[in-house]
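These notes concern the structure reproduced below.
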Amino acid sequence: MKREKFGSRLGFILVSAGCAIGLGNVWKFPYMTGKFGGAAFILIYLVFLAILGMPIIVCEFSVGRASQKSIATSYNALEPEGTRWHFTRWFAIAGNYILVMFYSMVGGWMLYYCFRMAKGDFTDVTSKQVTQSYDQMLASPGTLMIWTVIVILIAFGICSIGLQKGVEKIMKVTMLCLLAIMVVLAVRSITLSGSAEGLRFYLVPDFHKMVENGIGNVIFGAMSQAFFTLSIGMGGMAIFGSYLDKSRSLTGESLSIVILDTFVALVAGLIVIPACFAFHVEPAAGPGLVFITLPNIFTQMTGGRIWGSLFFLFLFFAALSTIVGVFENIVSFGMDLFHFSRKKSVGINILLIAVLSIPCILGFSVWSDFQPLGAGTNIMDLEDFLVSNNILPLGSVVYLLFCTHKNGWGWKNFIQEANSGQGMKFPEKVRGYMTYVLPWVVVIIYLKGYYDMFSGQSTAIFVIWMVIAFLFLGMILMVSRAKPKK
């Protein structure tokens, strides 16, 4: 089949940015900023975004465009004969499926809360009732399943229409609506009485707060957020690179996507943090910030029903943009690996992902006693851990090694592909950094994730999980060391 192409540059940028933009931008970034002291954290985050995220996203786009394939077959198309880079595709394919097994459900939460907020269910309710409402939603498998299936049908419905008429056309509108809603909400938040202190916290660096939180903690938090915010490492960017022509260089396109992704995160902070300060709420409230803290704020705000509905609609669009991006990757797996038509791949995967979402849904009720990562955890935590702490960092290491080492695609091929077309060129002087430094930075992020997750548990549990971490890492390194046939 002839490879589909984007109809416009704007479509490519908005769809690719939409895949990167997710709840990590609009939920995790504001509370991380609150937790690590505000503006000083943001400055460090921006530095790491440039030196950590940008090079990897260019690698992923380059592999996608050069191969004209999804990650299911892109390594097969580019790897030297006799090497085993294509083995890593199964990690990436698994990662895409595991991500939507819980992300579709979370998108359903956002849509459900938008519906309830618009209906007036949170008007004149107490803080206790808001908390109870959230607990009741999680305890109802039927409710979660219905809204999860609705999101799956919406996202796959968009993918089924095609790349230009479906994914590109609809996601352009969705992303522009998301950006417009964000600006309206941000203006409303910063004009609230009492928001000035929150703006100062958010925009004026206070390095004393950085010292209070521990300089190492703040730096690593910023590094991790900069890495994870772009969702790089499991082919989400490669698939859209495969739909690109060679008229534009990839560095400039990647920079546009990083800037848009960062803009969404920064404006999300402008929405959440001034509002938290205006209503004397802790901005580092963590996961409960979206579903418990913020609905409590909307109940106290004039016109809160309208503002709350807009807020959850914005969150739904942010989740949907990621879900559609991952679903497009999954649809392409079927087309590249098994030569399915687009509609056949969509039909099979609607059923498959609906069924695969069930364990995560039941993990909050029927299977809540299953706590795979320790007390208080659930199946969604396990799925999130597998993707965020394993597949994304390890996949990023593979892309870096593949694009810089002689037994992979190699630096010469990578730089030629990245710099094909008009626009900003990728600097060749960073070859040493990308070859010998950046992969180890990502490995440190990967191992630190395991350490943070299990160091508070028993010595036996900690040792077992760290052994697992090194085994995964060893598998990746073993694949990357295979020598090409002469």
Side-chain angles (χ1 to χ4, degrees), residues 21-23 25-34 38 106-140 143-144 147 150-151 174 176-203 264-320:
I21 293 165
L23 299 176
N25 299 70
V26 299
W27 158 67
K28 190 174 182 181
F29 179 78
Y31 97 72
M32 289 278 283
T33 303
V106 176
W109 294 356
M110 303 306 171
L111 192 57
Y112 177 60
Y113 260 65
C114 178
F115 168 73
R116 293 197 63 192
M117 190 69 74
K119 203 170 69 158
D121 287 356
F122 295 102
T123 304
D124 300 322
V125 296
T126 64
S127 298
K128 184 177 180 182
Q129 287 172 315
V130 171
T131 304
Q132 287 174 341
S133 179
Y134 176 61
D135 293 338
Q136 287 166 1
M137 175 189 74
L138 294 183
S140 172
T143 300
L144 294 181
W147 288 95
I150 290 172
V151 170
T174 300
L176 292 172
C177 287
L178 182 150
L179 296 172
I181 292 170
M182 288 192 77
V183 171
V184 170
L185 287 169
V187 170
R188 177 60 185 136
S189 181
I190 64 180
T191 55
L192 288 169
S193 176
S195 65
E197 187 182 347
L199 276 173
R200 194 177 304 109
F201 173 83
Y202 190 62
L203 299 177
V264 170
L266 294 175
V267 177
L270 276 180
I271 295 169
V272 173
I273 289 178
C276 286
F277 274 81
F279 290 97
H280 309 290
V281 169
E282 174 56 55
L289 185 67
V290 168
F291 297 104
I292 298 172
T293 304
L294 290 174
N296 278 319
I297 289 176
F298 294 127
T299 62
Q300 303 172 56
M301 191 184 292
T302 304
R305 180 173 170 182
I306 296 171
W307 297 114
S309 301
L310 280 175
F311 179 76
F312 282 104
L313 181 61
F314 141 62
L315 287 180
F316 170 66
F317 281 160
L320 181 66

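Throughout, numbering of the chain's residues begins at 1 and tracks the sequence.
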Handout entry: Flag if over 12 foreign heavy atoms under 6.0 Å of CD1, Ile306
Key = no
Distance-only criterion, 3.5 Å: show the donor-acceptor pairs between side-chain atoms of residues 192-203 and protein atoms not counting sequence neighbours.
from   : atom 1 : to     : atom 2 : distance (Å)
Ser195 : OG     : Ile190 : O      : 2.8
Ser195 : OG     : Leu192 : O      : 2.9
Tyr202 : OH     : Leu266 : O      : 2.6

Practice task
Quick one: closest heavy-atom pair of Thr302 and Arg188, and the distance?
Solution key: O-NH2, 4.0 Å
Exercise for the section: Search all heavy atoms of Ala186 against all heavy atoms of Val267 and return the closest pair with its distance. Expected result: CB-CG1, 3.8 Å
Handout entry: Contact summary for Trp109 and Leu144, nearest pair of heavy atoms
Key = NE1-CD2, 3.3 Å
Practice task
Compare all side-chain heavy atoms of Tyr134 with those of Thr131 and state whether any distance is below 4.5 angstrom.
Solution key: no
Problem - Those residues that, when tested against Trp147, pass ring pair (Phe, Tyr, Trp, His ring centres under 6.0 Å) (two or more places apart) - result: Tyr112, Phe115
Practice task
Determine the minimum heavy-atom distance between Met117 and Gly304, stating which atoms define it.
Solution key: SD-O, 4.4 Å
Exercise for the section: Calculate, to the nearest 0.5 Å, the distance between atoms CD1 and CG belonging to Ile21 and Leu179 respectively. Expected result: 6.5 Å
Handout entry: For Ser140, side-chain hydrogen bond (donor to acceptor under 3.5 Å, both in side chains) partners two or more places apart
Key = Thr143
Handout entry: Atom pair CG (Leu315) and CG (Leu310), whose distance is rounded to the nearest 0.5 Å
Key = 11.0 Å
Handout entry: Spacing of Cys177 atom SG and Leu313 atom CG [to the nearest 0.5 Å]
Key = 8.0 Å
Problem - Ser189 side chain to Leu270 backbone, donor-acceptor under 3.5 Å - result: yes
Practice task
Ignoring hydrogens and angles, tell me if any N or O in the side chain of Ser133 forms a donor-acceptor pair with the backbone of Gln129 under 3.5 Å.
Solution key: no
Handout entry: Student check: side-chain heavy atoms of Phe316 and Val151 closer than 4.5 Å
Key = yes
Completion exercise
Applying ring pair (Phe, Tyr, Trp, His ring centres under 6.0 Å) to Phe314 and not counting sequence neighbours gives Phe311
Practice task
With rounding to the nearest 0.5 Å, note down the distance linking CZ in Phe122 to CZ in Phe312.
Solution key: 6.5 Å
Exercise for the section: Please identify each residue that fulfils ring pair (Phe, Tyr, Trp, His ring centres under 6.0 Å) with Phe317, with sequence neighbours left out. Expected result: none
Problem - Spacing of CD1 belonging to Ile271 relative to CD1 belonging to Ile273, to within rounding of 0.5 Å - result: 11.0 Å
Problem - Under 3.5 Å: donor-acceptor pair, side chain of Thr33, backbone of Phe29 - result: yes
Problem - Qualifying residues under ring pair (Phe, Tyr, Trp, His ring centres under 6.0 Å), relative to Phe279, sequence neighbours excluded - result: none
Exercise for the section: Search all heavy atoms of Met182 against all heavy atoms of Val264 and return the closest pair with its distance. Expected result: CE-O, 3.0 Å
Handout entry: Spacing of CG belonging to Asp121 relative to CZ belonging to Arg116, to within rounding of 0.5 Å
Key = 4.5 Å
